[in-house]
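A short write-up of the structure that comes next.
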Amino acid sequence: MSIKNIKTLADTKYLKLYDAEYINKNGDTKNWSIASRKDLCTLKNIYFNGTKGNIDSVIIIATHIHENKLVIIKQFRIPLNDYVYEIPAGLVDPGEDFETTVGRELKEETGLNLIKIDFSKTKSQTYISTGMTDESAALVYCTCDGEISREYLEPDEDIEVMLMSKKEAKSLITSNEKIDIKAFLSIQNFIG
């Protein structure tokens, strides 16, 4: 199977929608819609020239070093028109490495300070929802400290930050609350 052509369907600041024309394993020409954070030129270079794509975002699995609790956020998400439990995450700014992004996003979303990234557990490039998007993220395990603050939130971020013990985290994933799959799996790992 291979992509033969790609064209833009929609282009917004943070997200683009493309139509990919591809040949399936039976030799039939088909089309697939792809959501991406990459511009058309970058995507064409990846698909047709073998260029390696940069990661788009970071997913932060942070443990507060003094509290020994997992950092969880409850954020309003427009596509759900509701709040959902998540772990901190964010987009990599141009020219930024993922380590810098982790510190910046952790501070912006929670007010907490990055102490140390655990590179033995961190995966520098993972994929989120490959049936819909090419978005890739660094999955980062780290420690943090400091006090929770809403001071650094952007106007479109409505986030409540909490530090969860293993008991509280177990209670959350057995509840009927809306929870992001990345947070769910992180909590399962945290509670062992």
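Source: prediction; values computed, not measured.
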| message | Determine whether S33 and Y18 satisfy the following criterion, side chain to side chain contact (heavy atoms under 4.5 Å, CB included), listing intermediate values before the conclusion. | response | CA-CA 6 Å; S33 297; Y18 298 106; over 6 Å; no
Please set out all donor-acceptor pairs under 3.5 angstrom arising from side-chain atoms of residues 101-111, sequence neighbours excluded.
{"residue": "T101", "atom": "OG1", "partner": "E96", "partner atom": "OE1", "Å": "2.6"}
{"residue": "T101", "atom": "OG1", "partner": "D97", "partner atom": "O", "Å": "3.2"}
{"residue": "R104", "atom": "NE", "partner": "E96", "partner atom": "OE1", "Å": "3.4"}
{"residue": "R104", "atom": "NE", "partner": "E96", "partner atom": "OE2", "Å": "2.9"}
{"residue": "R104", "atom": "NH1", "partner": "E108", "partner atom": "OE2", "Å": "3.4"}
{"residue": "R104", "atom": "NH2", "partner": "L91", "partner atom": "O", "Å": "2.8"}
{"residue": "R104", "atom": "NH2", "partner": "E96", "partner atom": "OE1", "Å": "2.8"}
{"residue": "K107", "atom": "NZ", "partner": "G111", "partner atom": "O", "Å": "3.3"}
{"residue": "K107", "atom": "NZ", "partner": "N113", "partner atom": "OD1", "Å": "2.8"}
{"residue": "E109", "atom": "OE1", "partner": "A89", "partner atom": "N", "Å": "3.3"}
{"residue": "T110", "atom": "OG1", "partner": "L106", "partner atom": "O", "Å": "2.4"}
{"residue": "T110", "atom": "OG1", "partner": "L112", "partner atom": "N", "Å": "3.0"}

| query | What's the spacing between I60 CD1 and S186 OG if we round to 0.5 Å? | reply | 11.0 Å
| Any donor-acceptor N/O pair, T122 side chain to Y141 backbone, under 3.5 Å | yes
| With D39, which residues qualify under salt bridge (charged side-chain N to carboxylate O under 4.0 Å, His left out), at least two apart? | none
| Are I128 and I179 connected, step by step, through hydrophobic side chains (Ile, Leu, Val, Met, Phe, Trp, Tyr) whose heavy atoms are closer than 4.5 Å? | yes
| task | Applying salt bridge (charged side-chain N to carboxylate O under 4.0 Å, His left out), name anything that partners E177, two or more places apart in sequence or on another chain. | result | none
| Taking a hydrophobic cluster as the set of Ile, Leu, Val, Met, Phe, Trp and Tyr residues connected by side-chain heavy atoms closer than 4.5 Å, whether directly or through intermediates, do M1 and I46 fall within one such cluster? | yes
| Donor-acceptor pair between K52 and Q125 side chains, under 3.5 angstrom | yes
| request: Report the C-alpha separation of D82 and R77 in whole Å, then their side-chain angles, then the decisive distance to 0.1 Å, and conclude whether the salt bridge (charged side-chain N to carboxylate O under 4.0 Å, His left out) test is met. | output: CA-CA 6 Å; D82 202 355; R77 290 297 192 176; over 6 Å; no
| task | Show the numbers, then the answer: is there a salt bridge (charged side-chain N to carboxylate O under 4.0 Å, His left out) between D180 and K182? | result | CA-CA 5 Å; D180 175 81; K182 298 174 298 296; 2.9 Å; yes
| Does any N or O in the side chain of T174 come within less than 3.5 Å of the main-chain N or O of K170, such that one atom is a donor and the other an acceptor? | yes
| How many angstroms lie between CZ in F76 and CG in N81, if you round to the nearest 0.5 Å? | 4.5 Å
| message | Using only atom types and a distance under 3.5 Å, with no angle test, would you say the side chain of T63 pairs donor to acceptor with the backbone of K69? | response | no
| field | Value rounded to 0.5 Å, distance of SG in C41 from NZ in K44 | value | 8.5 Å
| Distance-minimising heavy-atom pair for H64 and G146 | NE2-O, 3.0 Å
| query | Just wondering, are more than 12 heavy atoms of other shown residues or ligands nearer than 6.0 Å to NZ in K123? | reply | no
| query | What is the distance from atom CG of D19 to atom CD1 of I34, rounded to the nearest 0.5 Å? | reply | 8.5 Å
| Distance-minimising heavy-atom pair for A169 and I191 | CB-CG2, 3.9 Å
| Passing candidate, side-chain contact (heavy atoms from CB on, under 4.5 Å) with V92, options N54, D56, V58 | V58
| task | Grab the two heavy atoms, one from S120 and one from D118, that are nearest each other, plus how far apart they are. | result | OG-OD1, 2.5 Å
| said: As a quick check of understanding, evaluate side chain to side chain contact (heavy atoms under 4.5 Å, CB included) for S124 and F98, giving each step before the final call. | reply: CA-CA 8 Å; S124 63; F98 80 82; 4.0 Å; yes
| message | Using the rule that Ile, Leu, Val, Met, Phe, Trp and Tyr join whenever any side-chain heavy atoms are under 4.5 Å apart, tell me whether I3 and L9 fall into a single cluster. | response | no
| query | Does the pair I87 and I187 meet the rule for a side chain to side chain contact (heavy atoms under 4.5 Å, CB included), with working shown? | reply | CA-CA 9 Å; I87 52 178; I187 290 170; 5.9 Å; no
| field | For K74, all residues meeting side chain to side chain donor-acceptor pair (under 3.5 Å), sequence neighbours excluded | value | none
| Shortest non-hydrogen contact from L70 toward A62 | CD1-O, 3.4 Å
| Got a second to check how far L40's CG is from T8's OG1, nearest 0.5 Å? | 4.0 Å
| message | For the backbone of D28 and the side chain of N24, can you confirm whether one donor and one acceptor N or O come within less than 3.5 Å of each other? | response | yes
| I173-L185 co-clustered via ILVMFWY side chain contacts under 4.5 Å | yes
| Set of residues satisfying ring-ring contact (aromatic ring centres under 6.0 Å, His included) with respect to F48, sequence neighbours excluded | none
| query | Taking all non-hydrogen atoms of both residues, which atom of S36 and which atom of D134 are closest, and how far apart? | reply | OG-OD1, 2.9 Å
| query | Are I59 and F190 co-members of a hydrophobic cluster defined by side-chain heavy atoms under 4.5 Å apart? | reply | yes
| message | Enumerate the side-chain hydrogen bond (donor to acceptor under 3.5 Å, both in side chains) contacts for residues 153-166, please, sequence neighbours excluded, ordered by first and then second residue. | response | Y83-D158, S165-E168
| query | Do E135 and Y127 touch side chain to side chain, with heavy atoms closer than 4.5 Å? | reply | no
| request: Kindly give the heavy-atom pair with the smallest separation between M164 and Y85, and that separation in Å. | output: CE-CE2, 4.3 Å
